[in-house]
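First up is the structure itself, then whatever we jot down about it.
Quick caveat, the model's predicted, so the values are computed rather than measured.
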Amino acid sequence: MSEGWTREQMAARTAQDIPDGSYVNLGIGIPELVAKFVPQGREFIYHTENGMLGMGPPPADDERDLDLINAGKKYVTALPGAAYFHHADSFSMIRGGHIDVCVLGTMQVAENGDLANWSTGAADAIPAVGGAMDLVQGVKNIYVITQHTTKTGEPKLVEKCSYPLTGPGVVSRIYTNLAVVDVTPAGFQVIELAPGVTFEQVRSRTGASILPPQ
Amino acid sequence: MSEGWTREQMAARTAQDIPDGSYVNLGIGIPELVAKFVPQGREFIYHTENGMLGMGPPPADDERDLDLINAGKKYVTALPGAAYFHHADSFSMIRGGHIDVCVLGTMQVAENGDLANWSTGAADAIPAVGGAMDLVQGVKNIYVITQHTTKTGEPKLVEKCSYPLTGPGVVSRIYTNLAVVDVTPAGFQVIELAPGVTFEQVRSRTGASILPPQ
Amino acid sequence: MIDKRCPSVADAVADIPDGAVVMVGGFGASGSPIELIHALIDHGATGLTVINNNTGNGEVGLAALIGNGQVSKMICSFPRSSQSRVFPKLYREGKIELEIVPQGTLAERIRAAGAGIPAFYTPTTVGTILADGKELRQFDDRTYVMEPWLKADFALIKSEIADPLGNLTFNKTARNFSPLMCMAATTTIVQTKQLVPAGDIDPEHVITPGIFVDRIVEVSRPVHEDTLIAAGRSYP
Amino acid sequence: MIDKRCPSVADAVADIPDGAVVMVGGFGASGSPIELIHALIDHGATGLTVINNNTGNGEVGLAALIGNGQVSKMICSFPRSSQSRVFPKLYREGKIELEIVPQGTLAERIRAAGAGIPAFYTPTTVGTILADGKELRQFDDRTYVMEPWLKADFALIKSEIADPLGNLTFNKTARNFSPLMCMAATTTIVQTKQLVPAGDIDPEHVITPGIFVDRIVEVSRPVHEDTLIAAGRSYP
């Protein structure tokens, strides 16, 4: 974790690729940090699956509203211009292609854009999918933020996912601690290296062929 | 028109068969009159396809709200406890089986309950269906109010509709100027004769076999 | 900062091309975005496919757009009404195409387009000539017909209150098809009677969230079709 | 006069039979009708199929109903959470069945039931193991999966304000699945924080029209799952 970008830097780098005025859905974990790094002069409107547009930052502990939470079941706030709606309307926004960007964490991403982030497929695992499969099929741009490898050093960018898929061919861009990587018809393509990281380092920790920055 | 029940009496007779607390949709024409004859001690809630429950009577001319109309595009009012909603919700109420009674006018009803009330099928007719086909498929009880015959004396209760159907086998009860007639597995069954009307009169003006009151 | 305001109805409709599919909100006169329709008449795009429950009344609004020869096809549930003369005349002359869709199916097809549902099943029209050529299927011993979503390039919508983010409320039964059409069009253009700052509409009372809206024009004293017709007006 | 008020939560759930399919509103703790669920625990019906996005937290509310052995099957999108222990234990012991449904598909299947739509197509799950055995179909060169409606015998719902006709409003994100479940259940039972006379809710602000509601109980100071769990409470 000590090399390349920190979690915050990964989130900040992601935020730079999101255009002004975008409707954005942020997954749980590092993706949530994106909201802290909105580039100056831009405004994003955050959607949460459980029925709100215009989600704001977490409240102070003494200002919590027990009925105002996000999809991760954390307390949040509502910004001016927010709107509440029911789940069918919320997923109409997702499935109907109205959300511009979704940033998700992942377990694996394959070179063809396959995403696996909901289940290890282990025999004793309790399956739990939430809204992930709706998001990856419906949102216009699926970005992934992830450490480049697992804690034990296994590649998360792979030729083919070994875990059950969340969706096939859905990821367009990956932000890791080492690099920004596009999913292209030719496979993984490094767009940018983190400061002090070499392409060779990235290649050696990637479980598929990967093209150097152009 | 001078024999049997008047239009108002047909509407009043229909209203007597609608239980207290029913959600009711009234078609254009004689069916609209039902709202004037709610039996004492009962309350009906009126639904209009264009997005309101709790529709009230027409306003005085100087109290019209141009944005408060019914499905027949006439000015109406809203009663306490009314609700507005969009067309998809409105037709969810209809198609989803939430409306108890719909009272419609008709051109023809067949002995198997087929209803034809939207088109003569004439070559130069401009087809216009509105919400009729949704109502007949979705509402729990479809009642028809109609003169027993056309202005030229043709039967409207027939063996088989010659006009294009609105829906097959959908009508459960018919209120005419001459009688109340149920649609049963055995065909038309007179339930009640209008005062001064004989069964023979009804039979002679019906275009199908019809059973006498039991 | 997100600001979907547009300076005029003319600007708002300026990029609607010939041949566009255009949803027009309203049920009869109620909720009809007359100023936007008249701007579309001035703009002059032709060969339009228009989706509305009706076909307009008198010689203003939608009826005027049709009468001006800009519409090649209407998709609606009820093309007749007591004061509808323009469409019937053109239809009988074979100058305009008509796709008749039951009102509930029309609403649901529009919603489906906005909700990413390419098709659904409904009991409506089963056993009638309007189901001819459509796919039938049994569920739980009842027969249903499959209906596809209905999308549009543009939607012209009238709202009561809007904010610069595109959050909308409507007035009484003027709501009708408008929230659905906002969802189903690539570009949704709204004329609003009142424009308020973001935050002035209670988030609990928003009917159409801003994500479904692209452009907003304030038309603070909108004319009403019924009033124009009563005054014998025509457009242009 | 129409009056859907019911004297107590016990009366409201008294006729829920063994084996019933019960929708329970709420997303996690938010919008969970704790008092109605606890009344159902007291009532004791067993062999229930419960539809909720989750499987409850701690040892109160839905988790307590499951822990009490009254639920034989859960239909949900996300049966795990940081404080969910009851369901995982029973599931691993093979004592409760699980149908996992993506969150958006769950919402849409419930809406479809309320809207008279027996099935629809969605892109969600295509290319994953959750589409195994399901019917696939192409529309416009994209593959979709067919999903059926999801009905229930009863729905247990928490609202913010209700009137005796059953018109409802909700509080912020406590709205979630509740308006959909009201549509999809044969009998919809609502606990409301505030009961007001008919006419006190502005017709423009009604979220669930009364037609979708059967029984209303006022629970003016509802407990909140988060609060109960923080206090280490269990039920019964």
Over 12 foreign heavy atoms within 6.0 Å of NZ, B:Lys140: yes
Option that, when pairs with chain D are counted at under 4.5 Å, heavy atom only, ranks first among B:Ala78, B:Gly21, B:Gly81, B:Gly138: B:Gly81
Atom pair CD1 (D:Ile117) and CZ (B:Phe91), whose distance is rounded to the nearest 0.5 Å: 12.0 Å
D:Asp132 atom CG, neighbour heavy-atom count above 12 within 6.0 Å: yes
Partner of D:Pro209 by side chain to side chain contact (heavy atoms under 4.5 Å, CB included), out of B:Met93, B:Met52, B:His47: B:Met93
From D:Ile211 atom CD1 to B:Asp100 atom CG, the distance as rounded to the nearest 0.5 Å: 7.0 Å
Flag if over 12 foreign heavy atoms under 6.0 Å of NZ, B:Lys36: no
Residue pair B:Arg95 / D:Ala115: nearest heavy atoms and the distance that separates them: NE-O, 2.8 Å
Minimum heavy-atom distance B:Ser92-D:Met183, with the two atoms named: CB-CE, 3.7 Å
